[in-house]
**Student:** 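The structure that follows is given in the form of C-alpha coordinates.
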Amino acid sequence: MTHRQLYPLEVNPATGEPFLRLPPPNENIIITPPRLSDAPCFVPILNDPRVWQWLEGPPIPYTDDHAAEWIKSITEKSQAILQELNAEEILRPGLGGLKVVGGCPVRHIREVLPDGTDVYLGDISIGRALFEGIINPEERRKQVEINESKAVGDPSIVWMFGDYIAPSHHGRGVMSAAMKLILYSWAIPRMGVRHMLGYTFVGNTASVRVFEKSGFVLRGVLDNGKTVRGERRRLNYLEWKKYERQ
(Lines give C-alpha, C1' and ligand atoms only; values in the text may rest on other atoms or scores of the structure.)
Protein backbone atom coordinates (compact mmCIF):
# COMPACT_ATOMS: atom_id res chain seq x y z
CA MET A 1 0.00 0.00 0.00
CA THR A 2 1.23 3.49 -0.83
CA HIS A 3 1.22 6.32 1.71
CA ARG A 4 0.58 9.28 -0.59
CA GLN A 5 -2.07 10.80 1.68
CA LEU A 6 0.41 10.88 4.57
CA TYR A 7 2.74 13.26 2.71
CA PRO A 8 5.04 14.81 3.90
CA LEU A 9 5.21 12.23 6.69
CA GLU A 10 7.73 9.45 6.31
CA VAL A 11 6.84 5.92 7.39
CA ASN A 12 9.10 3.71 9.51
CA PRO A 13 9.49 0.56 7.36
CA ALA A 14 9.89 -1.66 10.42
CA THR A 15 6.92 -0.43 12.46
CA GLY A 16 4.68 1.35 9.96
CA GLU A 17 4.66 4.40 12.21
CA PRO A 18 4.53 7.77 10.40
CA PHE A 19 6.86 10.56 11.48
CA LEU A 20 8.41 13.90 10.63
CA ARG A 21 12.18 14.26 10.95
CA LEU A 22 13.72 17.54 12.09
CA PRO A 23 16.29 19.09 9.73
CA PRO A 24 20.02 19.18 10.54
CA PRO A 25 21.58 19.51 13.04
CA ASN A 26 18.64 17.80 14.78
CA GLU A 27 18.03 14.99 12.29
CA ASN A 28 18.12 12.46 15.14
CA ILE A 29 14.88 14.03 16.45
CA ILE A 30 11.54 12.84 15.08
CA ILE A 31 7.89 13.70 15.73
CA THR A 32 5.51 10.75 15.82
CA PRO A 33 1.95 9.94 16.85
CA PRO A 34 1.50 9.40 20.57
CA ARG A 35 1.95 5.84 21.81
CA LEU A 36 0.14 4.34 24.77
CA SER A 37 3.56 3.41 26.16
CA ASP A 38 4.45 7.11 26.44
CA ALA A 39 2.29 7.68 29.52
CA PRO A 40 4.97 6.92 32.17
CA CYS A 41 7.29 9.41 30.48
CA PHE A 42 4.93 12.33 31.16
CA VAL A 43 5.10 12.18 34.94
CA PRO A 44 8.76 13.11 35.64
CA ILE A 45 8.80 15.81 32.96
CA LEU A 46 5.54 17.51 33.96
CA ASN A 47 6.42 17.39 37.66
CA ASP A 48 9.66 19.26 36.98
CA PRO A 49 9.20 22.96 37.93
CA ARG A 50 11.39 23.97 34.98
CA VAL A 51 8.51 22.71 32.82
CA TRP A 52 5.26 23.18 34.76
CA GLN A 53 5.95 26.78 35.83
CA TRP A 54 5.36 27.79 32.19
CA LEU A 55 2.27 25.61 31.63
CA GLU A 56 -1.32 26.31 32.55
CA GLY A 57 -2.98 23.01 31.81
CA PRO A 58 -1.55 20.01 33.66
CA PRO A 59 -2.52 19.42 37.28
CA ILE A 60 0.41 19.50 39.68
CA PRO A 61 1.39 17.07 41.08
CA TYR A 62 0.93 15.15 37.84
CA THR A 63 0.09 11.52 38.49
CA ASP A 64 0.07 8.22 36.63
CA ASP A 65 -3.74 8.45 36.49
CA HIS A 66 -3.53 11.86 34.79
CA ALA A 67 -1.05 10.43 32.29
CA ALA A 68 -3.22 7.39 31.54
CA GLU A 69 -6.28 9.54 30.86
CA TRP A 70 -4.37 12.00 28.69
CA ILE A 71 -2.58 9.45 26.53
CA LYS A 72 -5.86 7.69 25.77
CA SER A 73 -7.45 10.95 24.63
CA ILE A 74 -4.66 12.16 22.37
CA THR A 75 -3.94 8.72 20.92
CA GLU A 76 -7.57 8.40 19.82
CA LYS A 77 -7.45 11.81 18.12
CA SER A 78 -4.22 11.02 16.31
CA GLN A 79 -5.45 7.63 15.15
CA ALA A 80 -8.70 9.15 13.90
CA ILE A 81 -6.76 11.48 11.58
CA LEU A 82 -4.57 8.64 10.33
CA GLN A 83 -7.63 6.47 9.70
CA GLU A 84 -9.24 9.32 7.77
CA LEU A 85 -6.15 9.62 5.57
CA ASN A 86 -5.89 5.86 5.07
CA ALA A 87 -9.55 5.74 4.05
CA GLU A 88 -8.92 8.46 1.47
CA GLU A 89 -5.94 6.48 0.16
CA ILE A 90 -8.11 3.40 -0.31
CA LEU A 91 -11.01 5.33 -1.84
CA ARG A 92 -8.93 7.34 -4.31
CA PRO A 93 -5.57 5.62 -4.76
CA GLY A 94 -3.26 7.92 -6.70
CA LEU A 95 -6.10 10.24 -7.63
CA GLY A 96 -6.83 13.87 -6.78
CA GLY A 97 -5.07 16.13 -4.32
CA LEU A 98 -4.06 15.59 -0.76
CA LYS A 99 -6.95 15.58 1.72
CA VAL A 100 -7.22 18.54 4.10
CA VAL A 101 -7.67 17.39 7.70
CA GLY A 102 -8.53 19.03 10.99
CA GLY A 103 -5.39 18.28 12.94
CA CYS A 104 -1.86 16.94 12.95
CA PRO A 105 -1.45 13.19 13.62
CA VAL A 106 2.13 13.55 14.88
CA ARG A 107 2.96 15.45 18.07
CA HIS A 108 5.35 13.50 20.30
CA ILE A 109 8.98 14.55 20.04
CA ARG A 110 11.57 11.77 20.32
CA GLU A 111 15.33 11.44 20.14
CA VAL A 112 16.48 8.45 18.11
CA LEU A 113 19.52 6.83 19.73
CA PRO A 114 22.42 5.15 17.87
CA ASP A 115 20.96 1.69 18.55
CA GLY A 116 17.67 2.67 16.87
CA THR A 117 15.60 3.00 20.03
CA ASP A 118 14.09 6.36 20.90
CA VAL A 119 13.48 8.48 23.98
CA TYR A 120 10.40 10.62 24.62
CA LEU A 121 11.28 14.32 24.90
CA GLY A 122 8.06 16.29 24.77
CA ASP A 123 4.90 17.31 22.99
CA ILE A 124 3.82 19.85 20.37
CA SER A 125 0.15 20.07 19.50
CA ILE A 126 -1.92 22.33 17.27
CA GLY A 127 -5.58 23.09 17.98
CA ARG A 128 -8.18 25.78 17.55
CA ALA A 129 -7.49 29.00 19.42
CA LEU A 130 -8.84 29.91 22.86
CA PHE A 131 -8.68 33.71 22.22
CA GLU A 132 -6.96 34.61 25.48
CA GLY A 133 -6.69 38.20 24.22
CA ILE A 134 -10.45 38.75 24.57
CA ILE A 135 -10.83 40.04 28.11
CA ASN A 136 -14.59 39.59 28.51
CA PRO A 137 -15.24 35.89 29.33
CA GLU A 138 -18.60 35.78 27.55
CA GLU A 139 -17.22 37.37 24.40
CA ARG A 140 -14.30 34.95 24.52
CA ARG A 141 -16.65 31.99 24.86
CA LYS A 142 -18.68 33.16 21.86
CA GLN A 143 -15.58 33.59 19.71
CA VAL A 144 -14.35 30.11 20.65
CA GLU A 145 -17.74 28.66 19.68
CA ILE A 146 -17.70 30.45 16.32
CA ASN A 147 -14.15 29.27 15.62
CA GLU A 148 -14.97 25.69 16.64
CA SER A 149 -18.03 25.62 14.36
CA LYS A 150 -16.08 26.32 11.17
CA ALA A 151 -15.58 23.50 8.70
CA VAL A 152 -12.22 21.78 8.30
CA GLY A 153 -10.08 23.72 5.85
CA ASP A 154 -11.82 27.06 6.39
CA PRO A 155 -8.99 29.61 6.05
CA SER A 156 -10.58 31.88 8.66
CA ILE A 157 -10.08 29.34 11.46
CA VAL A 158 -7.65 30.65 14.09
CA TRP A 159 -5.23 28.11 15.56
CA MET A 160 -2.73 27.85 18.40
CA PHE A 161 0.20 25.67 19.51
CA GLY A 162 0.72 23.95 22.84
CA ASP A 163 4.13 22.53 23.66
CA TYR A 164 6.72 21.49 26.21
CA ILE A 165 10.04 19.71 26.14
CA ALA A 166 12.16 17.94 28.75
CA PRO A 167 14.66 20.18 30.58
CA SER A 168 17.49 18.01 29.20
CA HIS A 169 16.78 19.57 25.80
CA HIS A 170 16.04 23.15 26.79
CA GLY A 171 18.08 25.70 24.85
CA ARG A 172 19.10 23.29 22.09
CA GLY A 173 16.80 24.58 19.36
CA VAL A 174 14.70 21.42 19.27
CA MET A 175 11.32 23.05 19.96
CA SER A 176 12.03 25.91 17.54
CA ALA A 177 12.77 23.39 14.80
CA ALA A 178 9.76 21.24 15.72
CA MET A 179 7.31 24.15 15.65
CA LYS A 180 8.60 25.43 12.33
CA LEU A 181 8.43 21.93 10.86
CA ILE A 182 4.85 21.31 11.99
CA LEU A 183 3.70 24.74 10.81
CA TYR A 184 5.26 24.79 7.37
CA SER A 185 5.27 21.07 6.51
CA TRP A 186 1.87 20.06 7.86
CA ALA A 187 -0.35 22.84 9.24
CA ILE A 188 -0.26 25.10 6.18
CA PRO A 189 -0.47 22.51 3.37
CA ARG A 190 -2.47 19.74 5.08
CA MET A 191 -4.79 21.72 7.41
CA GLY A 192 -5.16 24.99 5.50
CA VAL A 193 -3.84 27.00 8.46
CA ARG A 194 -3.56 30.72 7.68
CA HIS A 195 -3.81 32.41 11.09
CA MET A 196 -2.37 31.47 14.47
CA LEU A 197 -2.17 33.03 17.92
CA GLY A 198 0.48 32.30 20.52
CA TYR A 199 0.57 32.87 24.26
CA THR A 200 3.35 32.44 26.79
CA PHE A 201 3.58 33.51 30.41
CA VAL A 202 5.48 36.73 30.93
CA GLY A 203 9.04 35.79 31.88
CA ASN A 204 9.25 32.87 29.48
CA THR A 205 11.53 34.59 27.00
CA ALA A 206 12.77 31.29 25.58
CA SER A 207 9.25 30.36 24.47
CA VAL A 208 8.76 33.78 22.88
CA ARG A 209 11.90 33.17 20.82
CA VAL A 210 10.56 29.77 19.73
CA PHE A 211 7.44 31.42 18.32
CA GLU A 212 9.39 34.23 16.70
CA LYS A 213 11.65 31.77 14.88
CA SER A 214 8.51 30.40 13.18
CA GLY A 215 7.47 33.87 12.05
CA PHE A 216 5.19 34.89 14.93
CA VAL A 217 5.15 38.58 15.84
CA LEU A 218 5.03 39.69 19.49
CA ARG A 219 1.98 41.96 19.71
CA GLY A 220 2.27 42.87 23.39
CA VAL A 221 1.45 41.81 26.93
CA LEU A 222 -2.08 41.23 28.18
CA ASP A 223 -3.73 40.67 31.53
CA ASN A 224 -7.03 38.84 31.18
CA GLY A 225 -7.34 37.98 34.87
CA LYS A 226 -5.77 34.54 34.50
CA THR A 227 -4.84 32.87 37.77
CA VAL A 228 -2.77 29.68 37.63
CA ARG A 229 -2.15 27.66 40.80
CA GLY A 230 -3.10 30.68 42.88
CA GLU A 231 -0.81 33.11 41.05
CA ARG A 232 -1.93 35.93 38.75
CA ARG A 233 -0.20 35.50 35.40
CA ARG A 234 0.16 37.94 32.52
CA LEU A 235 0.60 36.71 28.98
CA ASN A 236 2.83 37.54 26.05
CA TYR A 237 0.55 37.71 23.01
CA LEU A 238 1.95 36.65 19.63
CA GLU A 239 0.37 36.32 16.21
CA TRP A 240 1.20 34.69 12.88
CA LYS A 241 -0.54 35.17 9.55
CA LYS A 242 0.47 33.46 6.33
CA TYR A 243 2.51 35.81 4.13
CA GLU A 244 2.88 38.40 6.90
CA ARG A 245 6.29 37.02 7.80
CA GLN A 246 7.78 34.11 5.88
Side-chain angles (χ1 to χ4, degrees), residues 1-52 54-55 57-58 60-83 85-86 89 103-126 161-187 190 206-207 210 213-214:
M1 178 180 176
T2 64
H3 302 286
R4 191 177 67 89
Q5 284 294 335
L6 294 180
Y7 182 83
L9 302 183
E10 300 178 56
V11 176
N12 184 317
T15 65
E17 183 179 62
F19 66 94
L20 286 172
R21 185 182 300 278
L22 270 59
N26 294 304
E27 62 267 35
N28 63 323
I29 307 293
I30 61 174
I31 310 174
T32 78
R35 305 169 188 161
L36 293 177
S37 59
D38 291 335
C41 305
F42 301 163
V43 177
I45 296 175
L46 290 175
N47 280 315
D48 192 312
R50 293 171 292 179
V51 174
W52 64 251
W54 304 121
L55 301 177
I60 301 299
Y62 195 82
T63 68
D64 290 336
D65 288 342
H66 295 137
E69 182 178 359
W70 180 245
I71 193 63
K72 182 176 183 295
S73 171
I74 62 174
T75 299
E76 288 175 353
K77 292 176 181 177
S78 174
Q79 290 303 312
I81 297 170
L82 292 172
Q83 289 166 11
L85 293 170
N86 286 334
E89 190 80 55
C104 182
V106 298
R107 59 182 291 168
H108 277 186
I109 305 169
R110 310 179 192 278
E111 182 174 15
V112 180
L113 303 179
D115 65 1
T117 61
D118 57 56
V119 177
Y120 176 83
L121 298 180
D123 185 26
I124 179 165
S125 64
I126 182 169
F161 279 117
D163 61 82
Y164 69 84
I165 195 163
S168 60
H169 286 66
H170 285 181
R172 294 172 55 175
V174 172
M175 188 57 77
S176 296
M179 181 177 289
K180 194 169 186 177
L181 182 63
I182 292 287
L183 177 57
Y184 290 97
S185 294
W186 188 269
R190 300 308 311 268
S207 189
V210 167
K213 288 177 181 178
S214 285

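As a basis for the values below, the full set of heavy atoms in this structure was taken, side chains included, without hydrogen atoms, waters or symmetry mates.
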**Student:** What residues form a side-chain contact (heavy atoms from CB on, under 4.5 Å) with T75, not counting sequence neighbours?
**Tutor:** P34, L36, I71, Q79

**Student:** Going from NE2 on H66 to CG on N47, what distance comes out if it is rounded to the nearest 0.5 angstrom?
**Tutor:** 10.0 Å

**Student:** Distance only, no hydrogens: is a donor on one side chain within 3.5 Å (strictly under) of an acceptor on the other, for T117 and D115?
**Tutor:** yes

**Student:** I30 vs E10, test: side-chain contact (heavy atoms from CB on, under 4.5 Å). Steps then yes/no.
**Tutor:** CA-CA 10 Å; I30 61 174; E10 300 178 56; over 6 Å; no

**Student:** Can you check side-chain contact (heavy atoms from CB on, under 4.5 Å) on F161 and V210, steps first, answer last?
**Tutor:** CA-CA 11 Å; F161 279 117; V210 167; over 6 Å; no

**Student:** Tell me the closest heavy-atom pair linking H108 and P33, and the distance in Å.
**Tutor:** CB-O, 4.3 Å

**Student:** Kindly give the heavy-atom pair with the smallest separation between F42 and Y164, and that separation in Å.
**Tutor:** CD2-OH, 3.8 Å

**Student:** Would you call W186 and P105 a side-chain contact if the rule is heavy atoms closer than 4.5 Å?
**Tutor:** yes

**Student:** Could you grab the distance from atom OG of S207 to atom NE2 of H170, nearest 0.5 Å is fine?
**Tutor:** 10.0 Å

**Student:** Distance-only criterion, 3.5 Å: show the donor-acceptor pairs between side-chain atoms of residues 17-26 and protein atoms not counting sequence neighbours.
**Tutor:**
unit_1 : atom_1 : unit_2 : atom_2 : d
E17    : OE1    : R35    : NH2    : 2.8
E17    : OE2    : R35    : NE     : 2.9
R21    : NH1    : E27    : O      : 2.8

**Student:** Taking everything shown except N12 itself, do over 12 heavy atoms lie less than 6.0 Å from its CG?
**Tutor:** yes

**Student:** Run the side-chain contact (heavy atoms from CB on, under 4.5 Å) test on Q5 and R190 for me, step by step, so that the C-alpha distance in whole Å, both residues' side-chain angles and the decisive distance to 0.1 Å come before the verdict.
**Tutor:** CA-CA 10 Å; Q5 284 294 335; R190 300 308 311 268; 3.5 Å; yes

**Student:** State, to 0.1 Å, how close S214 and L183 come at their nearest heavy-atom pair, and which atoms those are.
**Tutor:** O-CD2, 3.7 Å

**Student:** Verify side-chain contact (heavy atoms from CB on, under 4.5 Å) between Y62 and I45, making sure each step is shown before the conclusion.
**Tutor:** CA-CA 9 Å; Y62 195 82; I45 296 175; over 6 Å; no

**Student:** Rounded to the nearest 0.5 Å, how far does CD1 of I165 lie from CD1 of I29?
**Tutor:** 7.0 Å

**Student:** For the CD1 atom of I124 and the CE atom of M179, what is their distance to the nearest 0.5 Å?
**Tutor:** 4.5 Å

**Student:** Let me confirm one number: the CG-CD distance from N28 to E111, rounded to the nearest 0.5 Å.
**Tutor:** 5.0 Å

**Student:** Any idea which heavy atoms bring I31 and A178 closest together, and the distance?
**Tutor:** CD1-CB, 3.9 Å

**Student:** Nearest 0.5 Å, what's the CG-OG1 distance between D118 and T32?
**Tutor:** 7.0 Å

**Student:** Ignoring hydrogens, what is the shortest heavy-atom contact between L46 and L55? Give both atom names and the distance.
**Tutor:** CD2-CD1, 3.7 Å

